[in-house]
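See structure below.
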Amino acid sequence: QVQLVESGGGLVQAGGSLKLSCAASGTILSTSTMGWFRQAPGKEREFVAYIKWSGDMTYYANSVKGRFAISRDNAKNTVLLQMNSLKPEDTAVYYCAMGIYFNTGGHPTGYNYWGQGTQVTVSS
């Protein structure tokens with residue numbers, strides 16, 4: 001069983017930065033994919049970024065490319081999401097997720113474990 005706990009959300013002005021952290025506990029397979037998703041009120045959950053647990057493969061949604069950076073610290077079982085140049089439309093609950101297969105991509109149905117989410121609010 002895997003547990004994911006997000007932290008680092010908060011209120012920030014447009015143009016500011018936040019760093020989200022996802023602490024994973026339990027058995028993490030080397031084939032795992034770690035993803036970040038977000039969900040704004042009244043909208044569907046959308047993909048933000050993912051990183052493979054082994055190797056350097058990352059992928060970003062077009063809406064965050066060039067502003068967000070995903071990274072991991074295998075020794076600490078932690079995945080980070082550095083968010084820069086934040087916009088009001090980035091306001092959402094951000095979720096960390098883990099898929100146990102290497103070919104897990106950007107669709108939420110491919111992920112097996114989810115955190116409880118952390119709120120990010122960007123004021124204009």
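- Under a 3.5 Å cut-off, the side chain of Thr31 and the backbone N or O of Ile100 do form a donor-acceptor pair.
- The SG atom of Cys96 lies 5.5 Å from the CD atom of Glu6; values are rounded to the nearest 0.5 Å.
- Counting heavy atoms from C-beta on, the side chains of Thr104 and Tyr111 come closer than 4.5 Å.
- The side-chain heavy atoms of Gln82 and Ile70, taken from C-beta on, include no pair separated by under 4.5 Å.
- Minimum heavy-atom separation, Thr91 to Ala40: O-CB, 3.7 Å.
- Criterion: ILVMFWY side-chain heavy atoms under 4.5 Å apart, direct or through other members. Under it, Tyr94 and Met34 are part of a common hydrophobic cluster.
- In this structure, Glu46 CD and Gln39 CD are separated by 9.5 Å, a value rounded to the nearest 0.5 Å.
- Not a single donor-acceptor pair under 3.5 Å links the side chain of Lys87 to the backbone N or O of Val122.
- When all heavy atoms of Ala14 and Pro88 are compared, the pair lying nearest together is CB-CD, 4.1 Å.
- Taking CD of Gln116 as the reference point, atom CD of Gln3 lies at 9.5 Å (rounded to 0.5 Å).
- One distance of note links CG of Leu80 with CG of Asp73; it measures 7.5 Å at 0.5 Å rounding.
- Both Leu20 and Val12 are part of a single hydrophobic cluster, where members link through side-chain heavy atoms under 4.5 Å apart.
- Using cut-offs of 30° and 60° for the angle between ring planes, the Phe37 and Trp114 rings count as tilted.
- Looking at every heavy atom in both residues, Tyr60 comes nearest to Ala49 through CD2-CB, 3.5 Å.
- Cluster membership check: Met83 shares its hydrophobic cluster with Val64, using side-chain heavy-atom separations under 4.5 Å among Ile, Leu, Val, Met, Phe, Trp and Tyr.
- Taking the side chain as every heavy atom from C-beta outward, Val120 and Asp90 never approach each other to under 4.5 Å.
- Looking at Thr33 and Tyr59, their side chains never come closer than 4.5 Å, going by heavy atoms from C-beta outward.
- At least one side-chain heavy atom of Leu86 sits under 4.5 Å from a side-chain heavy atom of Leu18.
- No side-chain donor-acceptor contact under 3.5 Å links Ser32 to the backbone of Ser30.
- Side chain of Asn74 to main chain of Trp53: a donor-acceptor pair is present (N/O by atom type, distance under 3.5 Å, no hydrogens or angles).
- To the nearest 0.5 Å, the span separating CD1 on Ile28 from CE on Met98 amounts to 6.0 Å.
- Under the 4.5 Å side-chain heavy-atom criterion for ILVMFWY residues, a single connected hydrophobic cluster contains both Tyr101 and Tyr113.
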Q: Please assess Ser17 against Asn84 for the test side chain to side chain donor-acceptor pair (under 3.5 Å), listing each intermediate value before the final yes or no.
A: CA-CA 4 Å; Ser17 299; Asn84 300 324; 2.9 Å; yes

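- Inter-residue side-chain proximity for Leu4 and Val2 is flagged as met; some heavy-atom pair is nearer than 4.5 Å.
- Counting heavy-atom neighbours within 6.0 Å of Gln119 CD, excluding the residue itself, gives a total above 12.
- By the 6.0 Å and 45° rule, Arg38 does not stack over the aromatic ring of Tyr95.
- Closest of all the heavy-atom pairs between Cys22 and Trp36 is CB-CZ2, 3.7 Å.
- At least one cation-pi condition fails for Lys65 and Phe68: the charged atom is not both under 6.0 angstrom from the six-membered ring centre and inside a 45 degree cone around its axis.
- The structure places CZ of Arg72 at 15.0 Å from CG of Leu81, a figure rounded to the nearest 0.5 Å.
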